[in-house]
Amino acid sequence: MSRLAQTAGLTDVQQEILATVRDFVDKEILPVATELEHRDEYPQAIVDGLKELGLFGLMIPEEYGGLGESLLTYALCVEEIARGWMSVSGIINTHFIVAYMLKQHGTQEQKDHFLPRMAAGDIRGAFSMSEPALGSDVSAITSKAVKDGDEYVLNGQKMWLTNGGTSSLVAVLVRSDEGHPEGTAPHKSMTTFLVEKEPGFGEVRPGLTIPGKIDKMGYKGVDTTELIMDGLRVPADRVLGGVTGRGFYQMMDGVEVGRVNVAARGCGVAQRAFELGVSYAQQRHTFGKPIAQHQAIQFKLAEMATKVEAAHAMMVNAARKKDSGERNDLEAGMAKYLASEYCKEVVEDAFRIHGGYGFSKEYEIERLYREAPMLLIGEGTAEIQKMIIGRRLLEEYRFQG
């Protein structure tokens, strides 16, 4: 077990789960991750192994067939998985955001219908907010739902769906003006729809098309797609929670969980980069001794390890705050911001330690160097996190004049 990034106060069950996941990562993910990533190949055998371990039901309550574990347990598992290959943690993350939103906001019928099959891994989740003309500005969504009898007709184009092709359930945020008069604040006229579909690409159900995988610099293996709705008909009972106009708040609640996840991914990738850097520094010799004995390299290693520890501590704090039932947008924003920035820096330092070999595809650090930038934008850019943090700080430290 790594000396870095230890978590105090874990139960025996949590420690057992983490040990099992760590063993799976070391045996089933790390040996094949770079090869699969270079081929941009979906890690089906790895996903099947995670399903067998029960990880798709990790946070789903026991009454629905899940393990009923905490966000902290989930985040620590994600940290381990991202240490092996960040793309695999992305497959898990989007699934759990949808499961969490169902658990927190779904009707009883929706929970009964979806959660048991999601816990078993038979239904895989994806969620969709972004559109081609917008990213951080969720209020500018143009995709729209119009009521037609007992159904809604959805039209519009969505962007950046992780698991877009392999998922069978997508939580889609669209504008729904029904019951919301003109002039209503944009965030109060949005609704989340639970859209069931067949896995795959092309027209996956009437009115719904998944064009194909987006070719990316990194974060390969996992399918990232667009989603096109053209007269897509969705029953009214597939409005999340059964009431329109609550979609923005439901999505933001899910994104808070997602931000803890992205922080955990940053921690995992940074840990792996440190492991690669400290190992290579003890093997590579210059001027008659291992480069680890040069003060400049020791300074880098010291900074890298400190950043890994700090990011891990903030991620754990954000997860525990959410588990306590308290508002955690401040802590989640800080954790996501710090972990993603530190991850980028630790990976770059490990890359520098590798010298010219870091530029070679034969070395794992090359893959991490392309993966880390995704964390800077996923679940909200650094600038968005700073806005959230700043606004919350002003709430907490309101000047009393």
Side-chain angles (χ1 to χ4, degrees), residues 1-8 15 18-19 21-38 76 78-89 217-218 263-316 335 337-376 382:
M1 181 181 292
S2 168
R3 292 177 181 270
L4 290 179
Q6 297 300 296
T7 309
Q15 292 177 11
L18 286 174
V21 172
R22 187 178 300 115
D23 185 63
F24 181 84
V25 168
D26 289 340
K27 292 180 179 177
E28 306 296 334
I29 297 183
L30 278 172
V32 300
T34 297
E35 180 183 353
L36 291 175
E37 197 271 350
H38 286 169
L76 294 175
V78 166
E79 184 178 40
E80 291 291 344
I81 293 169
R83 176 181 153 266
W85 184 13
M86 192 181 74
S87 293
V88 178
S89 66
M217 175 179 75
R265 283 196 251 180
C267 292
V269 173
Q271 282 185 51
R272 184 59 182 166
F274 174 79
E275 292 171 4
L276 295 172
V278 75
S279 175
Y280 185 82
Q282 294 172 78
Q283 299 172 52
R284 176 71 169 174
H285 286 68
T286 62
F287 304 104
K289 61 183 178 181
I291 63 172
Q293 293 184 18
H294 294 293
Q295 190 179 65
I297 299 299
Q298 290 180 14
F299 283 179
K300 278 193 184 300
L301 294 174
E303 292 169 359
M304 292 160 70
T306 302
K307 289 172 181 176
V308 168
E309 282 289 338
H312 175 84
M314 292 199 73
M315 179 270 291
V316 168
Y337 169 59
L338 191 82
S340 58
E341 294 291 337
Y342 276 0
C343 174
K344 176 202 69 172
E345 294 169 10
V346 171
V347 168
E348 183 170 335
D349 280 341
F351 175 84
R352 289 172 182 268
I353 287 171
H354 279 74
Y357 288 105
F359 212 60
S360 168
K361 285 185 174 289
E362 294 181 20
Y363 283 75
E364 188 180 343
I365 190 62
E366 181 271 343
R367 168 170 64 83
L368 270 59
Y369 195 75
R370 288 183 291 103
E371 289 179 341
M374 197 286 291
L375 298 172
L376 299 172

- Item | Passing candidate, salt bridge (Lys or Arg N to Asp or Glu O under 4.0 Å) with E37, options R367, K361, R370 | R370

What distance do [X] atom [atom1] and [Y] atom [atom2] have between them, rounded to the nearest 0.5 Å?
X    : Y    : atom1 : atom2 : answer
K300 : D349 : NZ    : CG    : 4.0 Å
L376 : Y337 : CG    : OH    : 10.5 Å
F351 : Y357 : CZ    : OH    : 14.0 Å
I297 : Q282 : CD1   : CD    : 12.0 Å
M217 : Y369 : CE    : OH    : 9.0 Å
Q6   : L76  : CD    : CG    : 10.0 Å

Search all heavy atoms of [X] against all heavy atoms of [Y] and return the closest pair with its distance.
X    : Y    : result
M315 : C267 : CB-SG, 4.1 Å
I365 : A273 : CD1-CB, 4.3 Å
I353 : G277 : CG2-O, 3.7 Å
A339 : A263 : CB-O, 3.5 Å
L301 : F274 : O-CE1, 3.6 Å
E366 : S360 : CB-O, 3.4 Å

- Message: Applying side chain to side chain contact (heavy atoms under 4.5 Å, CB included) to H312 and L4, what does each step give before you reach the verdict?
- Response: CA-CA 9 Å; H312 175 84; L4 290 179; over 6 Å; no

- Cationic N near anionic O, under 4.0 Å, E348 to K344: no

- Message: Under a 4.0 Å threshold between the charged nitrogen and the carboxylate oxygen, would E303 count as salt-bridged to K307?
- Response: no

- How about Q271 and V346: do any of their side-chain heavy atoms sit closer than 4.5 Å? no

- Is there side-chain contact between E371 and W85, with at least one heavy-atom pair below 4.5 Å? yes

- Query: Judged by atom type as modelled, is there a donor-acceptor pair below 3.5 Å linking the side chain of Q298 to the main-chain atoms of A292?
  - Reply: yes

- Which word best sums up how the rings of Y280 and H354 line up, parallel for under 30°, tilted for 30 to 60°, or perpendicular for over 60°? parallel

- Message: Going by the rule side-chain hydrogen bond (donor to acceptor under 3.5 Å, both in side chains), which residues pair with T286 if we only count those two or more places apart in sequence or in a different chain?
- Response: H294

- Task: Just jot down the side chain to side chain contact (heavy atoms under 4.5 Å, CB included) partners of L30, sequence neighbours excluded, or say none.
- Result: V25, D26, R83, R272, E364

- Without hydrogens or angle criteria, can the side chains of S279 and Q283 be said to hold a donor-acceptor pair below 3.5 Å? yes

